[in-house]
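Worksheet for the structure shown next.
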Amino acid sequence: MVRLTINGIEVEVEKGSTVIEAAEKLGIKIPTLCHHKSLEPYGACRVCLVELETPRGSKIEASCVYPAQEGLVVKTDTERVLKTRRMMVELLLARCPDAVALKQLASSLGLEDTRFPKKNEDCILCGLCARVCQERMGVGAVTFLNRGADRKISTPYDKHSPICMACGACQVVCPVDVVDLSKVTLREPRPILADYDAGLAPRSSIYVPFPQAIPKVATIDPHTCMHLLNDVCRSCENFCDAGAIDFDQEDQTEEIDVGAVILAPGFEQFNPELKKEFGYGRYPNVISSLQFERILSASGPYVGKVLRPSDLKHPNRIAWIQCVGSREVDRNYCSSVCCMYATKEAVIAKEHEPDLECTIFYIDMRAYGKGFDAYYNRAKELGVRYVRCSPSSIKEVAENNNLKITYQGEDGERVTEEFDMVVLSTGLGPPQDAHDLVRMYGIDLNQHGFAATQGLAPVETSRPGVYVCGPFAGPKDIPETVMEASASASKAMALLAEARGSLIRGKEYPPEKDVTGQEPRIGVFVCHCGKNIGGVADVPSVVEYARTLPDVVYAEDNLYTCSTDTQEGIKQMIAEHDLNRVVVASCSPRTHEPLFRNTCREAGLNEYLFEMANIRDQCTWVHMREPEKATQKSKDLLRMAVAKARTLEPLHKSSLKVNNAALVIGGGMAGMTAALNLADQGFQVHLVEKEEELGGNFRHIHSLLNGGNPQQTLTQTIERIEFHPRITVYVGSTLSEVEGSVGNFTSTISRNGTQKRVGHGVAIVATGATEYEPTEYLYGEHPRVLTQVTLEEWISSNRVELQELKSVVMIQCVGSRDEERPYCSRVCCSQAVKNALALKKLRPDMAVTVLYRDIRTYGLYEQYYREARERGVRFIRYEEDRKPRVSSSDGGLRVSTLDPVLNATVHIDCDMVVLAAAIVPRGDTEEVSKLFKVALNQDRYFLEAHMKLRPVDFATDGVFMCGLAHCPKSVEESIAQADAAAARAATLLSKDEIALEATISEVVDENCDGCAYCIDPCPYNALSLIEYMYEGSIKKGIERDAALCKGCGVCQATCPKKGIYIRSFRLEQLSAMVDAALEVA
Amino acid sequence: MANEELEPIIIAFCCNWCSYAGADLAGVSRVQYPTNLRIIRVMCSGMVHPNLVIDALTKGADGVLILGCHPGDCHYLEGNLRAEGRKEAIELMLEDFGVEPERFRLEWVSASEGPRFAEVVREMTETVRELGPSPYKA
């Protein structure tokens, strides 16, 4: 090591380093054009001049080639240095007066122009391109040619190089941006396209796969890394301050013994190139839906701007084409999600660009999910145009890369329309490695190549102990995927119940130091985050400043405060300086607070004695061009954090004993499934059913499209329930009272006036739904107008009436998708198809006509819709505002409807009309909602905590839902959701106690006068008014239930007397931060 | 008249679940905005007592923002609506204290709205620059 002094500061560097490297270590910037970290020192541009003090006076040298020597005294900013540097830049500027980088450098040195005659060259002869090509790529395709005034960079003989790989390294390093690769090689440079950006943007060979990647570390792509391919380059090593590059890492094989396997490999997007007629891959402005998804994203290739790839201009008209790679003979299924994602993409695109014209070409609009139809209607109101037609091809307009689509308009005429961009709504297919999984796990695939499952066992593969979830078992949306994920977990948990918890190792912490009564002793750790913070803000000066703040007894800076060795360092400093508060100034507490809290805890400090200042995400990253202000703001943010740290108090999470029993309300298929699953996992279950027998709606299901025997399954399920030692069934019973909260509920079950109180830790609401009783289409007036459910009963019991039927008309959406119930009942289309097929089987010559608005046989049901058409079932569409009419004369029935394709009214005489009656919430839904204080949505279905990510949780902890009470769904989906609810419930039931959040409200009895202002606003009903004896008289006050309070702080902001506060967010603490913010440093 | 020289101090109470994350996202996306903002993280916009806003503005802050979740998105069901409910009271008090009402703003910014976060900050900085320094500035 050698020690030298730069601008009066001493620095130690390794022998062999250069002066510029030593300066960089101190954070002193020396301008340069030809220096590159991963290349040998060269000294071409002479901009990096510094003044060296020697015994024989001072001299000017290029710092990038001058070796750092013991005792060397360097000055980088003397008048002599600046003058000489200006001269060098003037000379360069004379050579290349138009180079942007040079002009910027000149102006930063106070130069406006050069005094020398201008040569108007473009290359500054820094040699970076030639050096990187030779030194790092080992190629040497470009090099210096000629001498003296004729010196230039080119290929030998100025001819296209046969050895150039078109890697583009020369272009990347060129400081003046003048490398023209087409002059170097005939090879076309091929950018490495980022998977995450669906091929719309390039990435480098070493990259972080996507911003939210876990772990968020860079990976090297072995297929493109020049070092791994050709043993050259290694440039990344020179730039990684953390020294984390390891080229020798290899794949490792680990063997793990497991009792169950869950397969969740996802899906493969259909490759739209296979559809030649749409020109994907040939026409730049025809893109896939996934690509458009990336275009809309703020982190996407166009930073969230709606642009088209050919010219990066705003498109005015975008078309979506639905069902690309779905609903075909080869792919005889519906991809389930495309209708809604196309609608979403159109809506968001219009939010970005309100004048954008969005057109969606579709066959049937399959908005079958919860809230989907409402969203679809909103899209239409926003001006998204829906055209019911599937275009057969796209033609590009050569001059402007626009796209022409020809389709059949509403009146049947052919229309050709031009669009600026077309999005193909590509379908979901089985994952590429499906066959490997089959081989490895011995499971079966279905005819489409998805994992084969049985209708009534939606997450079970053909092999016991191997479960499946998500689109590997067929296309599905996020909520169903999340439900199946939990469902497969609960199946595995039931299978492995005996082994539960046996592999868990607890973490040991040292005893906590008692800091009560101690003056704050604050340690401050300021992170450089590599260059992320340190490259903008002056971190050493922030540390200096920290030392001046009250109660700060220690401060240091770290290259990466989050690194493992820094954690050890922090622990050491806590011990050495007896710190009782820790402040880290780095990134966001949202990502890193848990890590540092854990470090505090490991050092014996209470984890709540920690505070963070976010000087990266909220400072240096957003003020990259204002280093001085960013430094000042970093100091301010740190001062605010220290101000809060001084007020921090140790907090402890309280815990609550959990009652390990569950209450399931509703004895239909969903409730029974959840109860059995939990009981199989080893928990006690109380199952309450208001009717005298179990089974619910499932009693009316006699067949399934995908096989299976529902009634046999029902009998077996009821038998298992009744004989299960851990399930207590309460039939003919209702819930009359619920007290308590997560972990400890007490509910009252009433039957014929007698009451029983049971304790339970969780509750599952599976109260189901019921069939709408139609008032239209002569229902209830004519004996041959029935609902689909009744028809199914008739078919299963082989009623004689069916033998005489010649013509049957089915009417869809009876009571669904109208003003009163603006939602889709989801199952009726498949049910109609199922019953139509059954009728056709009974009598192939029977005329069966289905009057529909959109056929919504989503997912794998689609194949049965095709089969029904093939078997001669007629499907005639009707429009919402022109509903069919049913009339009767002489006992017969006649249905009249306007066929929009023929644009004529069709009359069908028939012997039976079957109505697809809506699914509607039960009458007692509100009572259950009040008992558990859980919310309903506008359609009176129970409202989940999050539509997509928490589809079985209520916002209220410890209460879950499944089945039709959540929204209309098929019995398979109800079963999956029931198992999911059981999985979520088991996360609580499997614990002996649950830790409660420590940062919750606290009542200050001295200040509280019991005015009760805070009680109503509390969204969790966690506060109640109490009366107690105080100094001989009755005093009113507030009591807080720690199990219910979530720490939102509405109470704190409501209280006029500082009678209640949120721990760690007390008014005084927030005030201290405000005061600190207003202090001027 | 816009005061280009003025470097106002704007305090923002940001909800941990939405706007604080939105501010982080602005950072991750490198969206640049003026340096005048000082963020105080709170768990919910509904936690911010009106007195905090009044105190800040009467102690010399040039502007105060409360940034919460969009209606319907509140992590705590309806804390953001409580914050909105207090807005009028805050504005009335500011009138009493002789503080221009534009110095206080309540906005909804979600965790995914990095650019919007920056936009709100830019607008607020602009507004406060036009108003000039706080009447309470020492």
Side-chain angles (χ1 to χ4, degrees), chain A residues 211-212 297-299 303-304 532 587-591 612 614 616-626 628-630 632-633 636-637 640 644 935 955-956 999 1017-1020 1046-1056 1058 1061-1062 1064-1065 1067 1070-1071 1073-1080, chain B residues 7 9-11 13-14 16-17 20-21 23-53 55-56 59-61 64 74-79 81-83 85-86 111-118 121 134 137-138:
Chain A
Q212 300 86 352
S297 169
S299 67
V303 289
N532 286 304
C587 48
S588 177
R590 292 177 53 257
T591 52
M612 265 179 109
N614 189 339
R616 186 188 71 178
D617 304 45
Q618 298 179 358
C619 187
T620 55
W621 272 354
V622 291
H623 312 308
M624 297 177 82
R625 290 183 287 275
E626 298 170 279
E628 275 167 30
K629 286 184 183 174
Q632 186 54 50
K633 181 173 167 180
D636 293 348
L637 293 176
M640 290 162 69
K644 185 170 177 190
T956 305
T999 51
C1018 174
Y1020 299 100
K1046 298 270 174 294
C1048 71
V1050 163
C1051 50
Q1052 157 170 311
T1054 307
C1055 181
K1058 294 188 184 173
Y1061 67 85
I1062 299 295
S1064 274
F1065 292 93
L1067 226 49
L1070 298 177
S1071 258
M1073 292 186 82
V1074 170
D1075 292 347
L1078 297 176
E1079 257 176 57
V1080 181
Chain B
E7 286 299 350
I9 297 178
I10 298 166
I11 291 176
F13 294 98
C14 289
N16 177 62
W17 308 100
Y20 193 89
D24 284 349
L25 181 64
V28 173
S29 323
R30 308 294 195 275
V31 187
Q32 306 293 301
Y33 57 78
T35 56
N36 309 75
L37 192 72
R38 302 290 178 266
I39 292 177
I40 296 177
R41 182 168 71 115
V42 290
M43 295 312 285
C44 177
S45 56
M47 170 187 274
V48 183
H49 200 290
N51 285 355
L52 273 171
V53 179
D55 280 0
K59 282 175 178 173
V64 171
C74 178
H75 186 79
Y76 304 104
L77 311 178
E78 52 188 27
L81 303 183
R82 297 284 169 191
R86 296 184 194 112
S112 61
E113 293 178 325
R116 183 177 143 69
F117 180 88
V121 177
S134 154
K137 205 146 203 167

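To find a chain, count down the sequence lines: A is the first, B the second, and so on, and within it residues start at 1. Computed from a prediction, not measured in an experiment: that's the story for all the values here.
Taking all atoms of both residues into account, the shortest heavy-atom contact from B:Y33 to A:K633 is CE1-NZ, 4.4 Å. Contact detail for A:A955 and B:L77: the closest heavy-atom pair is CB-CD2, 3.6 Å. Shown here for B:D24 and A:D617, the closest heavy-atom pair between the two residues is OD1-CB, 3.4 Å. Annotation for A:M640 and B:I40: closest pair CE-CG1, 3.6 Å, computed over non-hydrogen atoms. Contact record, A:Q1052 with B:H49: O-CD2, 3.1 Å, taken as the closest heavy-atom pair. Taking both residues in full, the closest heavy atoms of A:G1047 and B:M43 are given as O-CB, 3.9 Å, listed atom of the first, atom of the second, then distance.
Looking at A:T1054, both its backbone and its side chain come within 4.5 Å of chain B, counting heavy atoms on both sides. If you measure heavy-atom distances from B:F117 to chain A, you find no contacts under 4.5 Å at all. Contacts between A:C1051 and chain B at a heavy-atom distance below 4.5 Å are absent for every atom of the residue. For B:R82, the part lying near chain A is the side chain, with the backbone staying farther off; criterion is any non-hydrogen pair under 4.5 Å. Interface residue B:I39: backbone and side-chain heavy atoms are both found under 4.5 Å from chain A. For a residue to count as touching a neighbouring chain, one of its non-hydrogen atoms must lie under 4.5 Å from one of that chain's; by this rule B:N51 does not touch chain A. For B:A21, the parts lying under 4.5 angstrom from a heavy atom of chain A are both the backbone and the side chain. For a residue to count as touching a neighbouring chain, one of its non-hydrogen atoms must lie under 4.5 Å from one of that chain's; by this rule B:V48 touches chain A with the backbone only. For A:I1062, the part lying under 4.5 angstrom from a heavy atom of chain B is the side chain only. For A:M1073, the parts lying near chain B are the backbone and the side chain together; criterion is any non-hydrogen pair under 4.5 Å. Only the side chain of B:I11 comes within contact range of chain A, with at least one heavy atom under 4.5 Å from a heavy atom of that chain. Residue B:V42 touches chain A through both its backbone and its side chain, counting heavy-atom pairs closer than 4.5 Å.
To the nearest 0.5 Å, the span separating CD on B:Q32 from CZ on A:R625 amounts to 4.5 Å. Here the NZ-SG distance, from A:K1046 to B:C44, works out to 13.5 Å after rounding to the nearest 0.5 Å.
For A:R616, there are no salt bridge (charged side-chain N to carboxylate O under 4.0 Å, His left out) partners at least two apart in sequence or on another chain.
Across B:V64, B:L52, B:V31, B:N36, the residue that shares the most heavy-atom pairs under 4.5 angstrom with chain A is B:L52. Among the candidates A:T620, A:T591, A:L1070, the residue making the largest number of heavy-atom pairs closer than 4.5 Å to chain B is A:L1070. Of the residues considered (A:P1017, A:G1049, A:C1048), A:C1048 shows the highest number of contacts with chain B, using heavy-atom pairs under 4.5 Å. For the set A:T999, A:V303, A:D1075, the count of heavy-atom pairs under 4.5 angstrom toward chain B peaks at A:D1075.
Without hydrogens or angle criteria, B:E78 side chain to A:C1018 main chain gives no donor-acceptor distance under 3.5 Å.
Between A:M612 and B:R41, the closest side-chain pair of non-hydrogen atoms is not below 4.5 Å. Residues A:V1074 and B:F13 form a side-chain contact, since some pair of their non-hydrogen atoms from C-beta on lies under 4.5 Å apart.
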